[in-house]
Every structure is written in C-alpha cells, then in structure tokens.
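Step one of this worksheet: look at the structure below.
The model shown is predicted, which means the values in this text are computed figures rather than measured ones. The first residue of the sequence shown is numbered 1, and numbering continues consecutively from there. In listed order, ligands and their atoms are each counted from 1. Basis for what follows: all heavy atoms, side chains included, without hydrogens, waters or symmetry-related copies.
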Amino acid sequence: MFFAEVIVRKSAIASLVYFLAMVLPERKSDPPGVYEKPFKEMYDYIVVGAGSAGSVVATRLSEDYDTSVLLLEAGMSDLEPDDVTQIPSLWGSLIGSEKDWGYHSVQQKYSHFAYENERAYIAQGKVLGGSSSINAQNIVRGSRKNYDQWEHEGAVSWGYDDVLPFFRKLENASDTSYGDSSMIYFYS
Ligand SMILES: Cc1cc2nc3c(=O)[nH]c(=O)nc-3n(C[C@H](O)[C@H](O)[C@H](O)COP(=O)(O)OP(=O)(O)OC[C@H]3O[C@@H](n4cnc5c(N)ncnc54)[C@H](O)[C@@H]3O)c2cc1C
C-alpha cells in the first residue's frame, strides 16, 4: 500500500515537472544572483579549459585538501558510453566533429595552396580532455641534444637531465622491450 502510494506520488510529480517544462519558456542562461557569491570568492583557483594542461594543473592544485578549485570547460563531456574519444584509433573521425573547435588560419601567402583560400584547418579539442581527447596519442620524448642546447642558450633547468624525471613520471610504458631511451642521443 505504502509502495503504491509512493509510485503514485512520484508519477504525479513527474507529470507536473513535464507539464512545467512544456509550458514554461526555455531559460537561456542562469539569471544573475543564482550563486550565493561571485566565483572568485568561492574558489581559491579557477582554471579555464579542461584540456591537457588545465586538467593537470587543476588536479595538482586540488591535491591540497584546503584548496578549492573550479575547472571550467567549454566543450562537452567525454564520458558517454558511445563516446568515440574512448577509442584511440578513431581519433581521425573526431576532426570536424562537434568535439573540435574547427579553427581556420588566416590566409597564407606562401603555403596551403591546395586549401580553399589558402587557409589551414586547425583542429583543437572542444571536450573534456581538450585536444588530448581527439589526438593520435603518439608520444615523443624529445631529443637530449635539443634540451641541452636550450639550457646552454640560457634556459636554466631545462637540460635533459632536469626534465627526464618528469618524462618518466608521466610515462607508463608496460612493454619493457622499449627499454629506457634516456641515454640515446639524436642528431639532426
Ligand atoms: C588532431 C590532433 C592530433 C594530435 N596528435 C598528437 C599526438 O599524437 N601526440 C601528441 O603529443 N600531441 C598531439 N596533438 C597535440 C596535443 O594534443 C596538444 O598539443 C595538447 O593537447 C594541447 O594541450 P593544451 O592544454 O594546450 O590545450 P587543449 O588540450 O586543446 O585544451 C584546451 C581546452 O580549453 C577549452 N577551452 C577553450 N576556450 C575555453 C573557454 N573560453 N572556456 C572554457 N574552456 C575553454 C577547450 O575546449 C579545451 O578543452 C594533437 C592535436 C590534435 C588537435
């Protein structure tokens, strides 16, 4: 009896919500004052863009439990079960999709002659994860020689031995046959 009453009440509420959704005008944006305080008073940090960089920055900042972080993303979620971003080999199909900002360069003078109006297409992720959600997932650590050259030219602490621990921290290669390429020199 109690169970049936709950079902009846729930369906009455659902009908009311449905009715209101049909008759009330669609609200385009939240009215001012919907939040108790301005965002900048509610959060210690506001990170704009949940792409490769923004996501890492927000994660690292939020490791401190006393710190509040708001991460804002203009694009959609990447968590739907049928989301193509979950299948790395299909990255190419995401170019030009709703998860791509689909930018174009200005007209080029000396290149892109095969393109319409000599404007390059510039894919950029518009989704949680940003461009890392639509990219090809190739990883190249970079050449020791380049980093050491930059340090030699004045970029203190950007030598290969300085950055190598950070490469190792983010790498997760489970195939040990790749070995550790940290000692390999590439000459161009
Ligand atoms: C098609 C493609 C293939 C690639 N392949 C590779 C590869 O194989 N290997 C590799 O190493 N790199 C690859 N890259 C490059 C790599 O993905 C990018 O260099 C990297 O993801 C850039 O990180 P980011 O944080 O600078 O920007 P993004 O990851 O692009 O993040 C920017 C985020 O900010 C959001 N944003 C923008 N404006 C606003 C706003 N006003 N408010 C809120 N949010 C906003 C965007 O929606 C996006 O989510 C590829 C890139 C593309 C596009």
Side-chain angles (χ1 to χ4, degrees), residues 27-32 34-35 37-63 67-108 111-112 114-116 118-147 149-150 155 158 160 162-175 177-182 184 186 188:
R27 204 171 64 191
K28 294 289 180 210
S29 61
D30 289 324
V34 76
Y35 301 102
K37 298 187 252 180
F39 276 175
K40 64 180 180 182
E41 287 174 27
M42 291 167 69
Y43 298 96
D44 297 316
Y45 296 95
I46 299 175
V47 180
V48 180
S52 309
S55 302
V56 173
V57 167
T59 302
R60 293 299 299 275
L61 287 170
S62 60
E63 281 169 7
T67 301
S68 57
V69 181
L70 173 65
L71 177 61
L72 293 172
E73 170 53 44
M76 57 179 67
S77 165
D78 66 340
L79 296 176
E80 299 87 36
D82 58 347
D83 196 321
V84 175
T85 63
Q86 307 297 322
I87 308 169
S89 59
L90 295 183
W91 68 276
S93 69
L94 291 159
I95 294 175
S97 75
E98 59 197 342
K99 289 173 180 148
D100 174 11
W101 285 94
Y103 293 125
H104 285 90
S105 72
V106 295
Q107 192 169 22
Q108 301 298 296
S111 64
H112 293 81
Y115 286 69
E116 197 180 338
E118 291 86 47
R119 294 171 74 209
Y121 187 82
I122 303 173
Q124 290 283 284
K126 187 182 182 185
V127 56
L128 264 187
S131 298
S132 76
S133 289
I134 68 163
N135 77 9
Q137 300 195 4
N138 296 319
I139 174 158
V140 180
R141 210 189 247 176
S143 159
R144 170 182 282 274
K145 196 183 167 206
N146 286 148
Y147 291 96
Q149 182 69 28
W150 291 333
W158 282 94
Y160 195 76
D162 296 306
V163 297
L164 183 58
F166 298 99
F167 280 131
R168 287 196 172 129
K169 193 174 173 190
L170 66 86
E171 286 164 7
N172 187 23
S174 51
D175 184 343
S177 64
Y178 287 117
D180 182 356
S181 60
S182 63
I184 297 174
F186 296 97
S188 52

Could you list the atoms of ligand 1 found under 4.0 angstrom from a heavy atom of [X]?
{"X": "A53", "answer": "25 (O)"}
{"X": "V127", "answer": "49 (O)"}
{"X": "V48", "answer": "40 (C), 42 (N), 43 (C)"}
{"X": "K126", "answer": "47 (O)"}
{"X": "S132", "answer": "17 (O), 21 (O)"}

Nearest-contact summary for [atom] - protein heavy atom, Å:
{"atom": "atom 31 (O) of ligand 1", "value": "G51 CA, 3.2 Å"}
{"atom": "atom 38 (N) of ligand 1", "value": "W101 CZ2, 3.9 Å"}
{"atom": "atom 8 (O) of ligand 1", "value": "N138 N, 2.9 Å"}
{"atom": "atom 49 (O) of ligand 1", "value": "E73 OE1, 2.7 Å"}
{"atom": "atom 34 (O) of ligand 1", "value": "G49 CA, 3.3 Å"}
{"atom": "atom 21 (O) of ligand 1", "value": "S52 OG, 2.6 Å"}

Check your understanding: Could any protein non-hydrogen atom be found less than 4.0 Å from atom 19 (O) of ligand 1?
Key -> no
Practice item. Scan the protein's non-hydrogen atoms and note whether one is under 4.0 Å from atom 26 (O) of ligand 1. Key: no
Could you check whether atom [atom1] of [X] has more than 12 heavy atoms from other residues, nucleotides or ligands sitting under 6.0 Å from it?
{"X": "Y121", "atom1": "OH", "answer": "yes"}
{"X": "E116", "atom1": "CD", "answer": "no"}
{"X": "W150", "atom1": "CH2", "answer": "yes"}

**Study point:** Heavy-atom nearest neighbour of atom 28 (P) of ligand 1 within options S131, G125, A50
**Key:** S131
Practice item. Pick, from N135, I139, V47, the option with the minimum heavy-atom distance to atom 15 (C) of ligand 1. Key: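 Heavy atom nearest to atom 15 (C) of ligand 1 belongs to N135.
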Between [X] and [Y], which heavy-atom pair has the shortest distance, and what is it?
{"X": "L128", "Y": "A50", "value": "CD2-CB, 3.6 Å"}
{"X": "D78", "Y": "S133", "value": "OD2-OG, 4.0 Å"}
{"X": "F167", "Y": "Y147", "value": "CZ-OH, 3.1 Å"}
{"X": "H104", "Y": "I122", "value": "C-CD1, 4.3 Å"}
{"X": "S93", "Y": "V84", "value": "OG-CG1, 3.6 Å"}
{"X": "N135", "Y": "W91", "value": "O-CB, 3.3 Å"}

Practice item. Using distance alone, with no hydrogens and no angle criterion, decide if Q107 and E118 have a side-chain donor and acceptor under 3.5 Å apart. Key: yes
Should [X] be counted as touching ligand 1, given the test is an N or O pair under 3.5 Å?
{"X": "I95", "result": "no"}
{"X": "A74", "result": "yes"}
{"X": "A123", "result": "no"}

Check your understanding: Is it true that a side-chain atom of T85 and a backbone atom of I134 form a donor plus acceptor pair closer than 3.5 Å?
Key -> no
Review point. Are R141 and L164 close enough, and set up right, to give a side-chain contact (heavy atoms from CB on, under 4.5 Å), and what steps lead you there?
Key: CA-CA 9 Å; R141 210 189 247 176; L164 183 58; 3.5 Å; yes
Check your understanding: For L128, is the nearest heavy atom under 4.0 Å from an atom of ligand 1?
Key ->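 Flag not set, L128 not near ligand 1.
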